[in-house]
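Everything below concerns the one structure shown next.
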Amino acid sequence: MAINKDNVVGGYLYDYGMAEGYGRPYASGVNPAGAIQLDKNEYQSHSFNGNAMFEATFLKDFKGTVNFGLQYLGTKNNELTNPYYGDAEGLGRIFKNMSTFFSFTSNQILSWKKSFWCAQSRCIRCA
């Protein structure tokens, strides 16, 4: 068995199953070891999750609470399939994708707490 030199991109020539006169019945034109050398796949993601809460008491028996939530997810994907060998031979492929997701949540709560009657250690309360 001979090791062939690659005159197109340099180095050694990988077997892509497409020799003259015959071909592999499955995955002809594909070689993962060769593709990893020439193809590129970059993926990045950034995320943030933040929450805040504010609370204020007023008029003795009232309490106001405000909650905020923010979620962010950003992704970027770049794929380059080489034009020399494999399933994109003669063409090459470039795929770019970016996505951004924002979500904002807020709620406001007003609470009232009042004692109506207290005798010794027994109290009737509305809360």
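Separation of atoms CD (E89) and OH (Y84) is listed at 12.0 Å; rounding is to 0.5 Å. Atoms CG and OG1, on L73 and T100 in that order, are 8.5 Å from each other to the nearest 0.5 Å. Separating the CG atom in N41 from the CZ atom in F95 is a distance of 9.5 Å, to the nearest 0.5 Å. Taken from CG in N77 to CD in Q44, the straight-line distance is 10.0 Å, to the nearest 0.5 Å. Between atom OG of residue S106 and atom CG of residue L70 there is a gap of 11.5 Å, rounded to the nearest 0.5 Å.
At most 12 non-hydrogen atoms from other residues, nucleotides or ligands lie less than 6.0 angstrom from CD1 of I94. Atom CG of L91 has more than 12 heavy atoms from other residues, nucleotides or ligands within 6.0 Å.
Inspection of the T75 and S99 side chains reveals an N or O donor paired with an N or O acceptor under 3.5 Å. E79 and T81 form no side-chain donor-acceptor contact under 3.5 Å, judged by distance and modelled atom types alone.
W112 and L59 fall within a single hydrophobic cluster, where Ile, Leu, Val, Met, Phe, Trp and Tyr side chains are chained together by heavy-atom contacts under 4.5 Å. I36 and Y43 fall into different hydrophobic clusters, where Ile, Leu, Val, Met, Phe, Trp and Tyr are joined by side-chain heavy atoms under 4.5 Å apart, directly or via other members.
Of the possible polar contacts, none joining the N67 side chain to the N107 backbone as a donor-acceptor pair under 3.5 Å is found. In this structure a side-chain-to-backbone donor-acceptor pair under 3.5 Å is missing from D6 to G11. N7 contributes no side-chain N or O that, together with a main-chain N or O of G10, makes up a donor-acceptor pair within less than 3.5 Å.
Within the 4.5 Å cutoff, the side chain of I109 has no heavy atoms near those of the V66 side chain. Residues K76 and N78 form a side-chain contact, since some pair of their non-hydrogen atoms from C-beta on lies under 4.5 Å apart. Between T65 and M53 there is a side-chain heavy-atom pair separated by less than 4.5 Å. In this structure the side chain of R93 reaches within 4.5 angstrom of the side chain of D87, judged on heavy atoms. Taking 4.5 Å as the limit, some side-chain heavy atom of L38 sits within range of a side-chain heavy atom of V9. In this structure, the side chains of L110 and F62 come closer than 4.5 Å at one or more pairs of heavy atoms. When side chains are defined from C-beta on, Q37 counts as touching Y14, because their heavy atoms get closer than 4.5 Å.
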Let's go through E55 and K63 carefully: what are the C-alpha distance in whole Å and the side-chain angles of both, what is the deciding distance for side-chain contact (heavy atoms from CB on, under 4.5 Å) to 0.1 Å, and is it a yes or a no?
CA-CA 7 Å; E55 189 174 275; K63 179 173 72 172; 3.6 Å; yes
Verify side-chain contact (heavy atoms from CB on, under 4.5 Å) between F68 and N51, making sure each step is shown before the conclusion.
CA-CA 6 Å; F68 298 101; N51 296 295; over 6 Å; no
Working note: Y85 + N31, criterion side-chain contact (heavy atoms from CB on, under 4.5 Å); need CA distance, chi angles, decisive distance, verdict.
CA-CA 9 Å; Y85 301 108; N31 185 310; over 6 Å; no
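With respect to D61 and K114, a salt bridge is recorded, a charged nitrogen being found less than 4.0 Å from a carboxylate O.
K5 approaches Y12 most closely through the heavy-atom pair NZ-CE2, 3.7 Å.
Y72 and F102 have tilted rings, their planes meeting at an angle from 30° to 60° on a 0 to 90° scale.
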